[in-house]
2 protein chains.
Amino acid sequence: MMGQPTIIDIAERAGVSKSLVSLVLRGSPRVSEASRRLVLQAAAELGYRPNAMARSLVSRRTHVLGAVLSDLHNTFFAEVLDGIDGRARQAGYRTLLAAGHRSAARESEAIEALLELRTEGLVLAGPKVRSSRILEASRTVPVVVVSRAVRGDNVDCVLSADGVGAAAAVDHLVSLGHRRIAHIDGGTGAGAAARLRGYLRAMERHGLKAEIRWERGDFTEEAGAAAVDRLLARGRRPTAIFAANDLSALGALEALTRHGLAVPDDVSLVGYDNTALARLAHVNLTTIDQPRREMGIAAAELLLERIEGRRTSAKKLVLAPSLVVGRTTAPPHGRGRSD
Amino acid sequence: MMGQPTIIDIAERAGVSKSLVSLVLRGSPRVSEASRRLVLQAAAELGYRPNAMARSLVSRRTHVLGAVLSDLHNTFFAEVLDGIDGRARQAGYRTLLAAGHRSAARESEAIEALLELRTEGLVLAGPKVRSSRILEASRTVPVVVVSRAVRGDNVDCVLSADGVGAAAAVDHLVSLGHRRIAHIDGGTGAGAAARLRGYLRAMERHGLKAEIRWERGDFTEEAGAAAVDRLLARGRRPTAIFAANDLSALGALEALTRHGLAVPDDVSLVGYDNTALARLAHVNLTTIDQPRREMGIAAAELLLERIEGRRTSAKKLVLAPSLVVGRTTAPPHGRGRSD
DNA sequence: ATGAAAGCGCTAACAT
DNA sequence: ATGTTAGCGCTTTCAT
């Protein structure tokens, strides 16, 4: 025996055929207790570890789900992945990851690697690759895209309702008495457009169309701060700001402080995503929480439905976000109509 | 042809043998330009994608490195992994990840999955499993452990010098004129013991043995805040605090603020790790930076040395951390000897 | 209850 | 330059 032990090595040591070894190893009930013991002991003594490739090659199943993470820095997907993996394990699947490292090219290679390994389904978490690449991959295995909408027969999506979340932010501020509510958007970032639309619609719904004011951002701290600078440079100061994500909200917070404005006394502030940043004690940001783990569980479920042939038509799942009230929102200072 | 196309399908379509197809696909120079074109075109038309399992089964090489991430929430390892993957790709290897989701049991299963897939080496990033599990895995493939010291013939380690980093923090504070420098440690967390030792030794080296004071923490924000509460409850107030990581430093910051103390005017504060938290504009924490990407590159390099048979003895690589000065440190208020 | 034989998709000698 | 043959380690009929 050279290299890793195989079932043939076990068979020799136990004095049985390799077929029997295979049966025992897969827990077949049609084997005598004696052989079972013999085989198991031989396997243990040899330190046997099944060769997943050989096994999958013949069984034509890998029982592996592939997940591509566009950016490991984004902890949003850590919990999503926990959900995916949890559900997958329940169903007897393993989850293998490949990282895109913020580059569409590397992400595409990650997809390729997983496909060559014959993973039975693919979850793309916040993919940066073009839709055509996703559609191409979906011709081979079912694909679920998280946090981005992609249309395709073999592509399912899991999203949270960004527009609803944005509306919840506005509703909360309005219920506190705010009217001049500005928005710092997320530019071309994932979900940014829907959040902006949600803000605009909610403002109109509250009869605050005239108070609408929004500045461009890009989900970064710097952009959040710069947007506040512009917001304060001209026009009436807003009494509340809704930023498209937590990081830009922190940038806004920093800028507001720099301008000598207190949060929430002078200006209320709402973020989006309920990241670890938002939950820092000295920040305690009011924000919108996405059901990350549930999104992961749903993604795995969609994949399993396809793999097990329970569904063939595309499905788009939209989960509801929820408001998390921190200490960055309060009633506006100058109570009553000040305009 | 059913299922995914194979080289036999290509061979039929191109009217050649499957060996020729294999040669072309692997870029052999011993094929005529005509056949090459024929094969490549047939492959493209069929949407052929090599079966990595079949290929690896016979070649006995996977060209895959496995990386186990104990916790995807910890972005520390995102950059480490970027380094690993970058170096691996240079050398013609792919990197596959499996997540431990903060559980030793799940981490152990992740190791198992990668081993069954016959990855040629394993990187364990901040592993939570017992050393015995790591040693066991290392009997099959070379293992590199990042951010934890593990002894074993087939186990290499990549660490950054936590003691040196801690000393740099103390040196920085002493050079500003501080003497009463307290430490909030990280309990049983990774690197915490070395950081504490580094603090203690540096204090002694500066002749400040009498000023040594440290409180227990556990790398969390809450523990950092609680430690400050205890620090301020009795004894003379320290003029500077060195926390074992950024998160507990933020907890300390929050507590100091709550006690009406300004940072750095009343108390200077130093963290450790230079996480994204530390680099928030309104935080701008003085901290110790670990060369994450370099650590990843080194980890991959160690693995490659083993895989390619260039080395057989265990190696422990210790990289140097560096001080990042933010705005949370300044000379102490009551200048001159106040004790 | 166990064994023999075939073959998964591919590479790697060894022919020619 | 191309084809033939023999497996890689395993599961899966099909016998017995």
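Throughout, a chain's letter reflects where its sequence line sits, starting with A, and its residues are numbered from 1.
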Open item on the list: Looking at every non-hydrogen atom in both residues, tell me the closest pair between A:T62 and A:L117 and how far apart they are.
Closed with: CG2-O, 3.8 Å
Task: Taking every non-hydrogen atom, the tightest pair across B:S70 and B:E107 - done: CB-OE1, 3.3 Å
- [ ] Any chance you could list the contact pattern along nucleotides 9-14 of chain D? Use B for base contacts, S for sugar-phosphate-only contacts and - for none, protein heavy atoms under 4.0 Å, 5' to 3'.
- [x] BBBB--
Task: Donor-acceptor side-chain pairing of A:S32 and A:S35 below 3.5 angstrom - done: yes
- [ ] Compute whether any side-chain donor of one residue and acceptor of the other, for B:S56 and B:R60, lie under 3.5 angstrom apart.
- [x] no
N-O pairing of [X] and [Y] below 4.0 Å:
| X | Y | value |
| --- | --- | --- |
| A:R311 | A:E301 | no |
| B:D82 | B:R293 | yes |
| B:E116 | A:R94 | yes |

TODO: To the nearest 10°, let me know how far the axis at one end of the helix from C:dA1-D:dT16 to C:dT16-D:dA1 is tilted from the axis at the other, five pairs an end.
DONE: 40°
TODO: Shoot me the first and last contacting nucleotide of DNA chain C against chain B, ordered 5' to 3', at under 4.0 angstrom to non-hydrogen atoms.
DONE: C:dG9 to C:dA12
- [ ] Any chance you could measure A:L97, atom CG, to A:L81, atom CG, to the nearest 0.5 Å?
- [x] 5.0 Å
Task: Crowding at CZ, A:R310 (>12 non-hydrogen neighbours, <6.0 Å) - done: yes
Task: Contact check, side chains of A:L40 and A:L25, non-hydrogen atoms, under 4.5 Å - done: yes
